[in-house]
Amino acid sequence: MHRYRTHKCGDLRKEHIGQTVRLSGWVHSVRDHGGIIFIDLRDHYGLAQVVIDPSQPFYKGVEHWRVESTICFTGKVVARIPEAVNPRLATGGVEVVAEAMEMLGEAKVIPFQVAKEEECNETLRLEYRFLDLRRQSLHSNIILRSKVIARIRELMTAEGFMEMQTPILTSSSPEGARDYLVPSRVHPGKFYALPQAPQQFKQLLMVSGFDRYFQIAPCFRDEDARADRSPGEFYQLDMELAFATQDDVFEVNEKVLHQIFTEFSGKQVDAPPFVRIPYREAMEKYGSDKPDLRNPLVMQDCTELFRDSPFKAFAGVVASGGVVRTLAAKGCADQPRKFFDDMIAYAQSVGAKGLGYLRWTGGEIQSPIAKFLAPETLEALKALGGVGEGDVMFFIADQKAAALEIGGAVRAELGRRLGLIDPDVFRFCWIVDFPMFELDDEGKVAFSHNPFSMPQGGMKALEEQDPLDVLAYQYDIVCNGTELSSGAVRNHSPELMVKAFAIAGYGQEVVESKFPALHRAFQYGAPPHAGIAPGVDRIVMLLADEPNIREVIAFPMNQKAQDLLMGAPGTVEPRQLRELNLKVDLPRKFEQAPPTA
RNA sequence: GGGGGCGUAGCUCAAUUGGUUAGAGCGCCAGCCUGUCACGCUGGAGGUUGCGGGUUCAAGUCCCGUCGUCCUCGCCA
């Protein structure tokens with residue numbers, strides 16, 4: 001008989017009746033009836049009920065076992081009497097009558113319950129992550145993550161992609177997020193950087209003649225956390241395709257993502273091809289470059305209807321170069337006054353000066369602004385919004401960029417409050433045609449996304465167009481309002497690269513010194529190539545229906561980028577610093593070494 | 001770095017306008033109980049109300065500061 005187990009706890013069925021089995025697992029719950037004790041023994045696979053009779057020599061000790069201890073039982077599988085069958089348990093038809101037991105690992109009193117999943121403060125959960133991971137919801141999220149990644153590997157391989165590794169210790173890149181740095185012992189004063197993404201390596205693999213690359217790639221960025229952004233590190237399904245167009249990238253991703261989302265959720269998933277929305281159109285209609293398409297509301301322009309309006313609040317905005325945008329919400333005219341007051345307060349909280357509205361209810365128009373509007377204006381608005389009795393139109397007047405942003409926020413809030421978001425579907429879209437350049441804070445032309453993207457129109461566009469009008473073959477994929485990834489057709493021409501950098505204010509020497517590998521490689525026969533890198537954590541988050549990314553990561557850091565279980569980051573020995581030729585020079589605030597976790 | 005929420009027993013939470021000895025459920029400890037499966041019943045222990053200061057006859061409650069945590073803005077080529 002195996003030292004620890006002949007079966008898994010979740011295995012036992014009626015067919016095992018009569019067999020002597022050995023099980024090992026955690027004490028999930030103890031039900032002590034004085035004359036008989038029931039123990040639910042739990043492992044990764046399930047629960048089994050073990051019965052301990054008072055005649056057993058170990059009976060006395062069992063009463064004092066703490067839950068979450070690990071124990072090995074040997075005993076006979078018997079059928080439960082009909083009244084004692086538990087239909088909620090896969091193993092509920094049988095139980096194990098213990099004949100021998102061995103304590104494998106005793107548990108202290110646990111700081112929060114594992115068997116009963118009640119809310120618990122997150123600091124404690126992170127300090128005792130190994131206990132939290134035993135709990136069913138987190139445990140099953142991590143199982144889901146493993147299955148999703150395994151399936152992604154199968155699907156990508158079937159599409160002809162090769163999984164390849166790229167370095168973790170690499171060089172710091174000048175653009176993008178802050179790097180995590182690793183000091184070099186061999187080269188005093190020099191540093192490696194952890195890759196923010198394997199971007200340049202995967203492009204080099206294309207130049208190296210590999211045709212289709214993918215990797216479940218760790219990415220390291222020293223940026224502050226959000227609910228959907230884990231600090232420090234995260235994983236991408238990184239991929240790159242040689243001799244490929246934007247459509248080739250879309251086709252593969254639509255196929256793989258549709259398959260994954262269909263297989264691992266009960267929700268309805270958009271069928272390929274996914275909707276493609278130009279960036280500027282997305283901003284105009286949804287006020288966002290990651291619209292949630294489950295929300296049916298769409299912004300419309302009604303600036304001209306207010307240009308000469310007696311409603312000075314709006315006409316004044318228009319006269320000063322601003323715009324008026326409207327959102328038509330069907331069937332919410334009978335919402336209570338509080339609803340409209342709350343919407344106005346919400347709009348103001350996101351920067352609006354106000355929020356106008358028209359309600360078609362009781363055969364008339366109820367609105368604080370209706371009296372300022374001519375009958376023909378009201379008719380024109382009604383026609384524009386396609387509204388009628390029972391409907392409402394909301395209005396935002398501001399300078400264009402602000403109006404779009406506020407309108408986007410109001411659109412999302414209306415969707416939430418009015419229950420317009422179908423929770424049982426995954427709606428995908430591609431946002432395409434991002435601008436190549438934008439103005440930075442100082443009003444200078446800068447890359448708006450990725451300096452490696454191919455400008456649409458090539459050299460001719462770079463030479464002849466206003467840089468701010470040049471579009472890039474740059475795209476995002478969005479699911480239910482979550483940005484899963486950015487990608488691009490890459491700029492594989494050294495001349496185009498130098499020209500693009502020149503427009504952003506960098507000389508050729510900058511390209512050569514900051515991106516020596518790509519600049520050199522592209523001069524020796526580079527294939528046109530394109531790629532993308534959907535976020536694995538976010539995919540699993542959507543599939544698990546979790547609002548927080550930590551719920552799909554086994555060992556996440558807290559918002560301040562600390563690992564409370566391992567105590568990272570921590571101090572190191574002076575010897576280690578000397579070896580690296582490093583001296584720590586703390587700001588006054590930290591002169592007393594902060595206590596480590 | 002900025003804004004907001006939260007911080008009361010091991011855990012989750014309650015405590016009227018500032019007013020008696022800060023309570024409950026779960027957990028823990030002890031006892032009882034032979035068919036439970038969130039077992040049940042009885043009893044018990046457990047509190048610097050995050051920390052420091054202030055206002056007040058009186059502070060968990062109000063004010064100031066500080067720390068922790070979460071959400072968010074900045075940031076995320």
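Please read all numbers here as calculations on a predicted model, not as lab measurements. Order of the sequence lines sets the chain letters (A, B, ...), proteins ahead of strands, with each chain counted from 1.
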With both distances kept under 3.5 Å, what pairs with [N], Watson-Crick or G-U wobble?
N	result
B:C11	B:G25
B:C76	none
B:G68	B:C6
B:G40	B:C32

Quickly work out the [X] [atom1] to [N] [atom2] distance and round it to whole Å.
X	N	atom1	atom2	value
A:I110	B:C29	CD1	C1'	16 Å
A:L126	B:C70	CG	C1'	11 Å
A:L131	B:C11	CG	C1'	13 Å
A:E223	B:U72	CD	P	15 Å
A:E122	B:G7	CD	C1'	15 Å
A:M557	B:C70	CE	P	12 Å
A:N121	B:C70	CG	C1'	10 Å

Please pick, from [options], the nucleotide with the shortest atom-to-atom distance to any side-chain atom of [X].
X	options	answer
A:R229	B:G27, B:C76, B:U69	B:C76
A:A227	B:C76, B:C71, B:U69	B:C71
A:T123	B:C28, B:U12, B:U69	B:U69
A:N548	B:U12, B:C70, B:C76	B:C70

Could a donor-acceptor pair under 3.5 angstrom be found where the side chain of [X] meets the base of [N]?
X	N	value
A:D224	B:G74	yes
A:R221	B:C76	no
A:R226	B:G74	yes

### Query
Does a side-chain N-to-carboxylate-O contact under 4.0 Å join A:K353 and A:D398?
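So A:K353 pairs with A:D398 through a salt bridge.
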In terms of heavy-atom contacts, does [atom1] of [X] have more than 12 from other residues, nucleotides or ligands at under 6.0 Å?
X	atom1	value
A:E438	CD	yes
A:F522	CZ	yes
A:K400	NZ	no
A:R416	CZ	yes
A:F58	CZ	yes

(request) Under 4.0 Å between any heavy atoms, over every strand shown, what does A:L124 touch: base, sugar-phosphate, or nothing? Just pick one. (result)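 Sugar-phosphate contact only.
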*A:Q196 near the nucleic acid: base, sugar-phosphate alone, or nothing, with a heavy-atom cut-off under 4.0 Å?*
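The answer is nothing, as A:Q196 stays clear of every strand by at least 4.0 Å.
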(message) If I pick the C1' atom on B:A9 and the same atom on B:A14, what distance separates them, to the nearest angstrom?
(response)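 Going atom to atom, C1' in each nucleotide, I get 13 Å.
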Whole-angstrom distance between B:A45 and B:G2, as gauged at atom C1' |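 About 46 Å, rounded to a whole number of Å.
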inquiry  = Applying the side chain to side chain contact (heavy atoms under 4.5 Å, CB included) criterion to A:R178, which one of A:Q196, A:E223, A:R221 satisfies it?
reply    =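 The single option meeting the side chain to side chain contact (heavy atoms under 4.5 Å, CB included) with A:R178 is A:E223.
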Short side-chain N/O contact from [X] to OP1 or OP2 of [N], under 4.0 Å:
X	N	answer
A:N558	B:U69	yes
A:R125	B:C11	no
A:R550	B:C71	yes
A:Q559	B:G68	no
A:R178	B:G74	no

| request: State which residue, out of A:Q203, A:H492, A:R490, fulfils the side chain to side chain donor-acceptor pair (under 3.5 Å) condition with A:H529. | output: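 Passing option: A:Q203.
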In 5'-to-3' order, the base (B), backbone-only (S) or no-contact (-) status of each nucleotide in nucleotides 32-37 of chain B, using a 4.0 angstrom heavy-atom cut-off, is -BBBBB
In terms of relative ring orientation, are A:F250 and A:W430 parallel, tilted or perpendicular, with 30° and 60° separating the classes?
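Aromatic pair A:F250/A:W430 classed parallel.
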